[in-house]
Amino acid sequence: MPSYELAILFRALAKDKLAEAMKTTAGLIFEEGGIIRKLNNLGLQPTPYKMRSHGQWFKQANYFVYEFDIPASSVSNLKNELQKREFIVRNLIFSPVTPISPEECLLEEEMQIAPFRKDVQMMLKKAKENEAERMRSKVKPNHGLDFEPLPL
């Protein structure tokens, strides 16, 4: 199952109501076949701008991040269910970005002159293949003469 993160803003609620809202959200994830890996509470914070949700304006919200695994086919159902809940101001489900692993670079390879470097050799080989393909695609006259009567 793919991993996802749910960034969610709950309206400013009392602790017992907030706990109930969190349980409801967790229940929605479980109903869709998901597994919650981690829950981060970022606390009650002011929103970056006034937000309107379910006919009301909000200037502050409780910020939470759920990290969970869920089948990819269930993500749209979960989004629809979250939109229906009145205690949620905003929510966003996204797949976390995996860090890019750096390629190993050896100084000896980089210090060689260009014709001997592997990456340059690969570029030259590809250029020759492209040139050969381009030459094959040219139209060849079929008139049977040993010379070109109308040179271009």
Side-chain angles (χ1 to χ4, degrees), residues 1-140:
M1 280 191 283
S3 294
Y4 294 95
E5 289 185 5
L6 167 64
I8 191 164
L9 279 67
F10 293 113
R11 54 172 51 187
L13 299 168
K15 284 188 179 184
D16 56 339
K17 297 281 186 184
L18 183 61
E20 185 179 326
M22 290 172 57
K23 287 179 186 176
T24 304
T25 304
L28 291 173
I29 294 171
F30 293 143
E31 286 175 10
E32 296 296 331
I35 301 168
I36 296 176
R37 300 285 179 199
K38 192 175 181 181
L39 174 64
N40 295 326
N41 179 3
L42 303 177
L44 181 66
Q45 298 179 12
T47 58
Y49 51 89
K50 286 195 317 186
M51 295 184 181
R52 187 176 175 93
S53 177
H54 301 285
Q56 295 180 344
W57 291 96
F58 298 96
K59 292 183 179 180
Q60 60 180 346
N62 288 298
Y63 288 67
F64 286 89
V65 177
Y66 287 82
E67 294 179 18
F68 60 98
D69 297 339
I70 193 170
S73 59
S74 300
V75 173
S76 61
N77 295 339
L78 180 61
K79 284 182 182 179
N80 291 337
E81 287 298 320
L82 291 172
Q83 292 295 330
K84 296 176 186 176
R85 308 299 173 181
E86 291 192 12
F87 52 81
I88 297 175
V89 177
R90 289 277 193 278
N91 65 74
L92 176 64
I93 297 176
F94 60 95
S95 183
V97 178
T98 55
I100 299 172
S101 59
E103 293 185 21
E104 188 173 329
C105 178
L106 300 175
L107 184 60
E108 300 87 40
E109 290 178 6
E110 294 296 323
M111 294 300 292
Q112 290 179 348
I113 59 174
F116 295 115
R117 290 189 6 214
K118 290 180 185 176
D119 57 342
V120 174
Q121 290 174 354
M122 289 176 57
M123 284 192 310
L124 291 173
K125 182 180 176 185
K126 190 171 183 177
K128 283 182 184 178
E129 290 171 359
N130 289 343
E131 180 67 23
E133 180 66 30
R134 195 169 59 88
M135 293 304 288
R136 270 184 263 151
S137 66
K138 279 190 174 181
V139 178
K140 296 184 178 158

**Student:** I need the minimum non-hydrogen distance between Tyr63 and Pro48, along with the two atoms involved.
**Tutor:** OH-CD, 3.6 Å
**Student:** Could you report the tightest heavy-atom contact between His54 and Gln83, atom names first, then the distance?
**Tutor:** CE1-O, 3.3 Å
**Student:** Rounded to the nearest 0.5 Å, how far apart are NZ of Lys17 and CZ of Arg11?
**Tutor:** 11.0 Å
**Student:** Please lay out, stage by stage, how Met122 and Asp119 fare under the test side-chain contact (heavy atoms from CB on, under 4.5 Å).
**Tutor:** CA-CA 5 Å; Met122 289 176 57; Asp119 57 342; 5.7 Å; no
**Student:** So, Arg134 and Glu131, do they make that salt bridge, N to O below 4.0 Å?
**Tutor:** yes
**Student:** Please report the interatomic distance NZ(Lys118) to CD(Gln112), rounded to the nearest 0.5 Å.
**Tutor:** 8.5 Å
**Student:** Does a side-chain heavy-atom distance below 4.5 Å link Phe30 with Ile36?
**Tutor:** yes
**Student:** Is there a side-chain contact between Thr25 and Phe10 (heavy atoms, below 4.5 Å)?
**Tutor:** yes
**Student:** Strictly distance-based, threshold 3.5 Å: is any side-chain N or O of Thr47 a donor or acceptor partner for the main-chain N or O of Lys59?
**Tutor:** yes
**Student:** Can you tell if the side chain of Thr24 reaches within under 4.5 Å of the side chain of Phe87, non-hydrogen atoms only?
**Tutor:** yes
**Student:** Would you say the side chain of Glu81 lies within less than 4.5 Å of the side chain of Glu31, judging by non-hydrogen atoms?
**Tutor:** no
**Student:** If you count the non-hydrogen atoms of other residues, nucleotides and ligands that lie under 6.0 Å from CZ in Phe94, is the total more than 12?
**Tutor:** yes
**Student:** Using a cut-off of 6.0 Å, state whether more than 12 heavy atoms not belonging to Glu67 lie near its atom CD.
**Tutor:** yes
**Student:** So, for Gly33 and Pro71, which heavy atoms are closest and what is the spacing to 0.1 Å?
**Tutor:** O-CD, 3.7 Å
**Student:** Could you tell me the separation between the CD1 atom of Ile70 and the CG atom of Leu6, rounded to the nearest 0.5 Å?
**Tutor:** 9.5 Å
**Student:** For a side-chain contact (heavy atoms from CB on, under 4.5 Å) check, start with the C-alpha distance between Phe68 and Arg37, then their side-chain angles and the critical distance, and finish with the verdict.
**Tutor:** CA-CA 5 Å; Phe68 60 98; Arg37 300 285 179 199; 5.6 Å; no
**Student:** Rounded to the nearest 0.5 Å, what's the gap from CG on Leu44 to CG on Leu13? Could you check?
**Tutor:** 9.5 Å
**Student:** Looking only at non-hydrogen atoms, find the nearest pair between Pro115 and Gln121 and report the distance.
**Tutor:** O-NE2, 3.2 Å
**Student:** Let me confirm one number: the CD-CG distance from Glu32 to Asn77, rounded to the nearest 0.5 Å.
**Tutor:** 4.5 Å
**Student:** Taking the side chain as every heavy atom from C-beta outward, state whether Arg85 and Leu28 have any pair of such atoms under 4.5 Å apart.
**Tutor:** yes
**Student:** Is Glu129 paired with Lys126 through a side-chain N to carboxylate O contact shorter than 4.0 Å?
**Tutor:** no
**Student:** Using side chain to side chain contact (heavy atoms under 4.5 Å, CB included) as the criterion, point out the one residue from Leu92, Ile88, Ile29 that pairs with Leu82.
**Tutor:** Ile88
**Student:** Is any side-chain heavy atom of Met51 closer than 4.5 Å to a side-chain heavy atom of Tyr49?
**Tutor:** yes
**Student:** Tyr66 side chain to Met22 main-chain N or O, any donor-acceptor pair under 3.5 Å?
**Tutor:** yes
**Student:** Is a donor on one side and an acceptor on the other found under 3.5 Å between the side chain of Gln45 and the backbone of Asn62?
**Tutor:** no
